[in-house]
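Everything quoted here is computed from the prediction, not taken from an experiment.
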Amino acid sequence: MVRPPRPETTGWLLDAYPTTHGMHLWILTEKGDRLFFPVPFHPRFYIGTTGRVLEQTRRRLERLRFPVTLAETERLELFSGTLHPVLEVTVLSPSDFFEVVRQSSSLPEVALYNCDIPLPQLYFYESGLFPLAFCRIGTPPDGVELLDSPWNTDSPVPPIRTVSVALEEESGPARCGSLGGLVVEIDGERRLLDGEDPRELLTTLNTFLKREDPDLILTNRGDDMILPRLLALSGKLGIPLALNRFGNQEISQGKERSFFSYGKMVFRAGGVSLLGRWHLDRKNSFILGEAGLAGLFEQARVTRIPVQHLARTSTGTGITSMQMAYAISSGILVPKDKGMPEAFRSGLDLLEDDKGGMVFLPRPGFHESVVELDFASMYPSLMTTHNISPETVDCPCCPENRVPGSSHHLCTRRKGLVPAVLSPLLAKRQRYKELKKTSEDPHLRQEYEGRQGALKWLLVVSFGYLGYKNARFGKVEAHECVTALSRNKLLQAKEVAENQGYRFLHGIVDSLWLSRPDLDEAECRCLADEISRTTGLTIGIEGLYHWIIFFTSKGRPGLAVPNRYLGLFRSGEIKIRGIALRRSDTPPFIARIQKRMIDHLAQAKNLREYRSLLPGAREVLDEGMKEIGEGRIPVSELVIKKRISKEPEAYRKASFQAIVAQELTARGQAPRPGERISLVITGARDPDPASRARAYDTFSPDHSYDRQAYAHLLLQACEPLLDFSGQSLPEKKSAKGKPLDLLLRKRQRQPEPAESEKTMI
DNA sequence: TTCAACCACTT
DNA sequence: ACCCTTGGTTGAA
């Protein structure tokens, strides 16, 4: 353990770990020293009780064998906004904290607050510090003075030393057999650590880590393959593995989890977290994959969640952490997490709500001279500008401040917790976007892109969490206010546009597509400004299109579907949504053919040219069909990746995923719900389900792929590009006299009967 | 054949 | 706890 040197020095707070006496801080100084030193920390939680029960509670807590300090005080209750008397329990040793909480929760008639927050986060909330904060250390001795703010956009970036570690062979059968060799890389230099002799591998790795002393070990599949295997080897051979920089605690693997997030099951391998050093697995982190290290660090700063934990958690946890930080600094009691399992709304429900805005049916087919306008961060902006928060909706004081299109009203007197958390996020993201635009340095632009992307995800999920029943700070009614207002704004936008002579083609939640002959950018800018003025929300130009195609529904020919389109911007960029190419379960071969067809067709600047390019596109498709038919395509190009949504045995239908999931199970490699499996179709029509498809891993040269099935998939994916028929079919379906092509599907819950109020309290 | 049930994907 | 964006498949009727 290293004490901070004096005189004072400056550096970055990289992590904080609870110990028996307080916290240990890991600091990287500007001079490049790595320091570990202890700071005092005594976590507190609160018990809401009064009178006789209070006395009993006190006596019970005093009898516990853990040193605690009790104090009667008051804290704000979020929903009422009033002070409640509470018993503050300060636990001397962080290591006792959760045990004291556990024993307290068995006390009769008590409610616990601030009691289930991970200790590093609690420490960050209470100290005002945050991961990656730039600090001065040693003033006062052992003290840390913050020289930074989570809202700075120009904080110095710590010079982290990174080692990359990957398996020599990326593919191959999962989680069985030996480890194989490892490829390690630092400062662009690659080295292969041979896997033949495990003993030597371990000692070489130890020497390597000792010499390079990295702050970050960045792996591909470190959580589920590399580290568990190394640890197992280390145990078997009795050679300790020097992964931690600090302490000699045993390295343990976290629990693997499957959970719903945004409409789908996701699987997270149990994480392997280190002390005094980070281990991050690129393949086991949503935000790392989405926004890179820059994005991960950005989120760690604003959410105050330690980097390794943040990398492996869902974005919702991040927004919740920000809300808790705000609550604690405002003296608001943090309710216990309701613990989702039972009443967890299915992913589909959650997703529905996220789309709960207004969706039009597009005018199907090919359109020329089109502009797309998008509201900037529509939902979070609505939440802040209208003060939408669980405690501000339907408040007792402001019944006159009604939300149009809903039965709710919003408080005008008390600033809501949710808006308070979101407004600095919105502002910071805006600044990053501007910095990105004005920056010359491509490296810096990428950095800003990662950071704004990380903030975008926090903003996106903030809306979902607002309506999620089990969120600590969620309430459906607040959610309904947001969707009601968003519908209202989209309609206003449509009206303004139509008044200015634009033809409304399509609208989804926060975007609208308009056409007018001979569009020019300046006019569109005026329109956007006018819509911004009318709605009070910023709307921007996503782009001007030469043309856009809204594909028709296969189920209901003549009608288009909202989320499948292909457009060519005047900038030359192609925008593709919803079609095979964008889907993660499309085999690479099919995606490539489709891409080639699109690239060919995108030479067209208008419908006439598009038509003239059709034969060429058809040729690409025919070529692909021929290749499939001749069986010339490498299987790796035909792999279909599917995410397993349930336990393999739970499937009731012999779908390809089910067949292969069960095949893997039989081989002792049972996939977990949320995990993705790779499969190849071998005989879609085979009477024996087991022969219809097989895992890519077990596909050997004696197997062959099902040519017919793949030909079918290819046609299905690519034919719509050649015939999007919206044009050729006159809009005859509107025979009843109604313009059916703009059928509006507003999904709105039935208004709740008033009786639901009595179940509150 | 048809059709209900099932299943995955989408930002 | 359930009435659902679409597109697709499975397997029974």
Inset, instruction - With sequence neighbours left out, write down each residue that passes side chain to side chain contact (heavy atoms under 4.5 Å, CB included) with Arg431(A), or none if nothing qualifies. - result: Thr153(A), Ala427(A), Lys428(A)
Inset, instruction - Could you check how far CZ of Arg577(A) sits from P of dT11(B), rounded to whole Å? - result: 6 Å
Legend entry - Donor-acceptor contact below 3.5 Å, side chain Thr303(A) vs main chain Gln299(A): yes
Legend entry - Pairs touching residues 586-595 of chain A that satisfy salt bridge (charged side-chain N to carboxylate O under 4.0 Å, His left out), sequence neighbours left out: Arg592(A)-Glu637(A), Lys595(A)-Asp599(A)
Inset, instruction - Verify the contact: side-chain N or O of Ser655(A) to OP1 or OP2 of dT10(C), cut-off strictly under 4.0 Å; return yes or no. - result: no
Inset, instruction - Go through the structure and list residues passing side chain to side chain donor-acceptor pair (under 3.5 Å) with Arg694(A), not counting sequence neighbours. - result: Thr698(A), His703(A)
Show me the protein contacts with nucleotides 3-6 of chain B, counting only N or O atoms at under 3.5 Å.
from, atom 1, to, atom 2, distance (Å)
dC6(B), OP1, Arg652(A), NH1, 3.1

Inset, instruction - Select one nucleotide: of dT11(B), dC9(B), dT9(C), the one nearest the side-chain heavy atoms of Trp457(A). - result: dT11(B)
Side-chain polar contacts of residues 711-719 of chain A - donor-acceptor pairs under 3.5 angstrom, sequence neighbours left out - could you list them?
from, atom 1, to, atom 2, distance (Å)
His712(A), NE2, Gln716(A), OE1, 3.1

Inset, instruction - Would you mind telling me which residue lines up with the more 5' stretch of DNA chain C, Leu713(A) or Val561(A), judged by nearest nucleotide? - result: Val561(A)
Inset, instruction - Return the set of residues passing side chain to side chain contact (heavy atoms under 4.5 Å, CB included) with Pro648(A) (not counting sequence neighbours), or none when no residue passes. - result: Ala661(A), Gln662(A), Thr665(A), Pro671(A)
Legend entry - Atom-pair distance (NZ on Lys641(A); P on dC7(B)), nearest Å: 23 Å
Inset, instruction - Between dC9(B) and dC4(C), how far apart are the P atoms? Round to whole Å, please. - result: 22 Å
Legend entry - Selection residues 281-301 of chain A - residue pairs positive for ring-ring contact (aromatic ring centres under 6.0 Å, His included), sequence neighbours left out: Trp278(A)-Phe297(A), Phe286(A)-Trp457(A)
Legend entry - Under-4.0 Å side-chain N/O to phosphate OP1/OP2 contact, Gln716(A) with dG8(C): yes
Legend entry - Separation of dG7(C) P from Phe551(A) CZ (nearest whole Å): 12 Å
Inset, instruction - For dC2(C) and dA8(B), measure between their P atoms and round to the nearest Å. - result: 23 Å
Legend entry - Ser389(A): partners by side chain to side chain donor-acceptor pair (under 3.5 Å), with sequence neighbours left out: Glu391(A)
Inset, instruction - State which residues pass side chain to side chain contact (heavy atoms under 4.5 Å, CB included) with Asp510(A); sequence neighbours excluded, sorted by chain then number. - result: Phe375(A), Met378(A)
Legend entry - Nucleic acid contacts - residues 422-432 of chain A versus DNA chain C, non-hydrogen atoms under 4.0 Å: none
Legend entry - Strand-adjacent residues in residues 580-589 of chain A, judged by heavy atoms under 4.0 Å from DNA chain B: Arg582(A), Arg583(A), Ser584(A), Asp585(A)
Inset, instruction - Have a look at Arg692(A) and say if it touches a base, only the backbone sugar-phosphate, or nothing, with a 4.0 Å heavy-atom cut-off. - result: sugar-phosphate
Legend entry - side chain to side chain contact (heavy atoms under 4.5 Å, CB included) partners for Thr384(A), two or more places apart: Pro419(A), Leu422(A), Ser423(A), Leu426(A)
Legend entry - Interatomic distance, Ile640(A) CD1 vs dC7(B) C1' [rounded to whole Å]: 14 Å
Legend entry - Rounded distance (Å) that lies between atom C1' of dT5(C) and atom CD1 of Ile579(A): 17 Å
